[in-house]
Peer 1: 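Just passing along the structure, written as structure tokens.
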Amino acid sequence: MKLSQRLERNFAWIAIPNLTLYIIIGQVMVWLLQNLANYPMDAIALVPGLVIRGEVWRLFTFIFFPPQTHFIFLVFAWLILFLTGTALEQFWGSLKYTGYVLLGWFLTVLATIAGIFVYPGVMIPNLFITASIFLAFAYVNPNYEFMIFFVLPVKVKWLAVFTLALFGYQFLTGHLIIKIVVLAGVGNYLIFFGRDMIQSLKGAQRRREHRQRYESQKVSAEEAFHTCSVCGVTDIDEPDMQFVYSDGKGFCERCIRAASTSSTDSDPESR
């Protein structure tokens with residue numbers, strides 16, 4: 001029995017169908033509570049120092065923390081999350097998709113533990129977990145097009161490249177906790193697709209080397225058979241040129257005529 005089949009049989013119970021929809025519903029409810037009932041969203045945020053004091057529910061509720069942006073952009077964020085998440089679930093199946101999201105959650109929890117010793121008061125966002133869903137969708141469907149502002153079509157792979165570049169910048173310039181959170185948030189993406197990406201890079205390298213060998217063989221096949229040792233002209237440069245060899249050196253007919261004329265002009269008896 002294949003490993004994937006064994007996992008499906010032994011861990012089928014962890015699969016959560018329509019997981020993306022539940023995440024979005026939870027975020028919508030929290031947003032409504034905040035805006036209609038002044039619910040303090042800080043109560044569900046993931047803060048390492050508060051978790052160590054016993055507020056362990058934050059390890060689970062932080063996933064429902066909605067993006068802090070204008071409502072219009074918030075709706076777009078939810079739509080994109082729903083589109084990419086449901087498409088991934090249909091492509092992978094509920095078990096693999098749930099495992100992907102849970103892996104991102106688990107790595108973020110590990111980042112929280114690390115944050116207890118580094119920055120216990122910082123809030124750890126769920127942005128990187130939801131972004132990892134988008135990145136996975138882009139890897140599986142690289143040529144899918146989003147209509148930016150309903151006008152400009154952009155392939156999702158370029159949006160993914162921009163997202164990774166932004167995360168890379170945050171990783172390089174941010175504090176230690178930011179580095180940890182970035183790695184944790186996209187760790188599931190790297191674990192799921194890292195091997196394929198390495199194989200793709202190796203394949204591209206092999207194709208590049210094959211192309212270089214082909215070009216070098218092509219150049220070698222086009223090397224000149226005759227080369228003038230004086231002016232350097234070859235039979236490739238001038239296919240109709242005649243060449244004469246003396247002492248292992250080649251001379252084109254033009255240089256031979258020039259040498260002949262020069263010797264005639266320098267001989268007084270020939271005048």
Peer 1: List for me each residue that meets side-chain hydrogen bond (donor to acceptor under 3.5 Å, both in side chains) alongside Gln242, sequence neighbours excluded, and say none if there are none.
Peer 2: none
Peer 1: Does the side chain of Cys228 come within less than 4.5 Å of Lys249's, by heavy atoms?
Peer 2: no
Peer 1: For a side-chain contact (heavy atoms from CB on, under 4.5 Å) with Thr61, tell me which candidate from Ile44, Asn126, Val30 qualifies.
Peer 2: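 So, applying the side-chain contact (heavy atoms from CB on, under 4.5 Å) to Thr61 and each of Ile44, Asn126, Val30, only Ile44 qualifies.
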Peer 1: For Tyr39, is the OH atom crowded, meaning more than 12 foreign heavy atoms sit under 6.0 Å from it?
Peer 2: yes
Peer 1: At their closest point, which heavy atom of Ala111 faces which heavy atom of Ile177, and how far apart are they?
Peer 2: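 Heavy atoms only, the tightest pair is O-CD1, 4.2 Å.
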Peer 1: Quick one: sort the Phe192 and Tyr100 rings into parallel, tilted or perpendicular, breaks at 30° and 60°.
Peer 2: perpendicular
Peer 1: Taking salt bridge (Lys or Arg N to Asp or Glu O under 4.0 Å) as the definition, give me every residue that meets it alongside Glu145, ordered by chain and number, with sequence neighbours left out.
Peer 2: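 Partners of Glu145 under the salt bridge (Lys or Arg N to Asp or Glu O under 4.0 Å) test: none.
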Peer 1: Would one find more than 12 heavy atoms of other residues, nucleotides or ligands at under 6.0 Å from atom CG of Leu21?
Peer 2: yes
Peer 1: For Tyr144, enumerate each residue passing the ring pair (Phe, Tyr, Trp, His ring centres under 6.0 Å) test, keeping only those at least two apart in sequence or located in another chain.
Peer 2: Phe137, Phe146
Peer 1: Identify, with sequence neighbours excluded, every residue that meets ring pair (Phe, Tyr, Trp, His ring centres under 6.0 Å) alongside Tyr139.
Peer 2: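 For Tyr139, the residues satisfying ring pair (Phe, Tyr, Trp, His ring centres under 6.0 Å) (neighbours in sequence not counted) are Phe193.
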Peer 1: Please check if atom NZ in Lys157 has more than 12 non-hydrogen atoms from other residues, nucleotides or ligands closer than 6.0 Å.
Peer 2: yes
Peer 1: Start with the C-alpha distance between Phe134 and Leu159, add both sets of side-chain angles, then the distance that settles side chain to side chain contact (heavy atoms under 4.5 Å, CB included), and finish with yes or no.
Peer 2: CA-CA 9 Å; Phe134 170 78; Leu159 296 176; 3.7 Å; yes
Peer 1: Flag yes if more than 12 heavy atoms outside Trp57 fall under 6.0 Å of its CH2 atom; otherwise flag no.
Peer 2: yes
Peer 1: Do Ile63 and Trp105 come within less than 4.5 Å of each other through their side chains, counting heavy atoms only?
Peer 2: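 Side-chain contact under 4.5 Å: no.
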Peer 1: Side-chain contact test, heavy atoms from C-beta onward, threshold under 4.5 Å: evaluate it for Val181 versus Pro125 and give yes or no.
Peer 2: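 A side-chain contact under 4.5 Å exists here.
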Peer 1: More than 12 non-hydrogen atoms from neighbouring residues, nucleotides or ligands closer than 6.0 Å to CD1 on Ile72, yes or no?
Peer 2: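 Counting other residues, nucleotides and ligands, CD1 of Ile72 stays at 12 neighbours or fewer.
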Peer 1: Within the structure provided, determine whether Pro66 and Gln68 are in side-chain contact (heavy-atom separation under 4.5 Å).
Peer 2: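 Answer yes - side chains close enough.
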Peer 1: Are any of the side-chain heavy atoms of Lys179 and Gln170 separated by less than 4.5 Å?
Peer 2: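 Result no, sub-4.5 Å side-chain heavy-atom pair not found.
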Peer 1: Please examine the side chains of Val230 and Phe251, heavy atoms only from C-beta on, and report whether any two atoms are closer than 4.5 Å.
Peer 2: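 Side-chain contact under 4.5 Å: yes.
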Peer 1: Can you run down the salt bridge (charged side-chain N to carboxylate O under 4.0 Å, His left out) pairs that involve residues 39-63, sequence neighbours left out, and say none if there aren't any?
Peer 2: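 Pairs touching residues 39-63 that pass the test: Glu55-Arg58.
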Peer 1: List in chain and number order the residues that pass ring pair (Phe, Tyr, Trp, His ring centres under 6.0 Å) with Trp78, two or more places apart in sequence or in another chain; answer none if no residue qualifies.
Peer 2: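 Residues passing ring pair (Phe, Tyr, Trp, His ring centres under 6.0 Å) with Trp78: none at all.
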Peer 1: Is any side-chain heavy atom of Phe76 less than 4.5 Å from a side-chain heavy atom of Leu81?
Peer 2: no
Peer 1: Pick from Val51, Leu59, Ile124: which one makes a side-chain contact (heavy atoms from CB on, under 4.5 Å) with Val109?
Peer 2: Leu59
Peer 1: Using the rule that Ile, Leu, Val, Met, Phe, Trp and Tyr join whenever any side-chain heavy atoms are under 4.5 Å apart, tell me whether Val186 and Leu110 fall into a single cluster.
Peer 2: yes
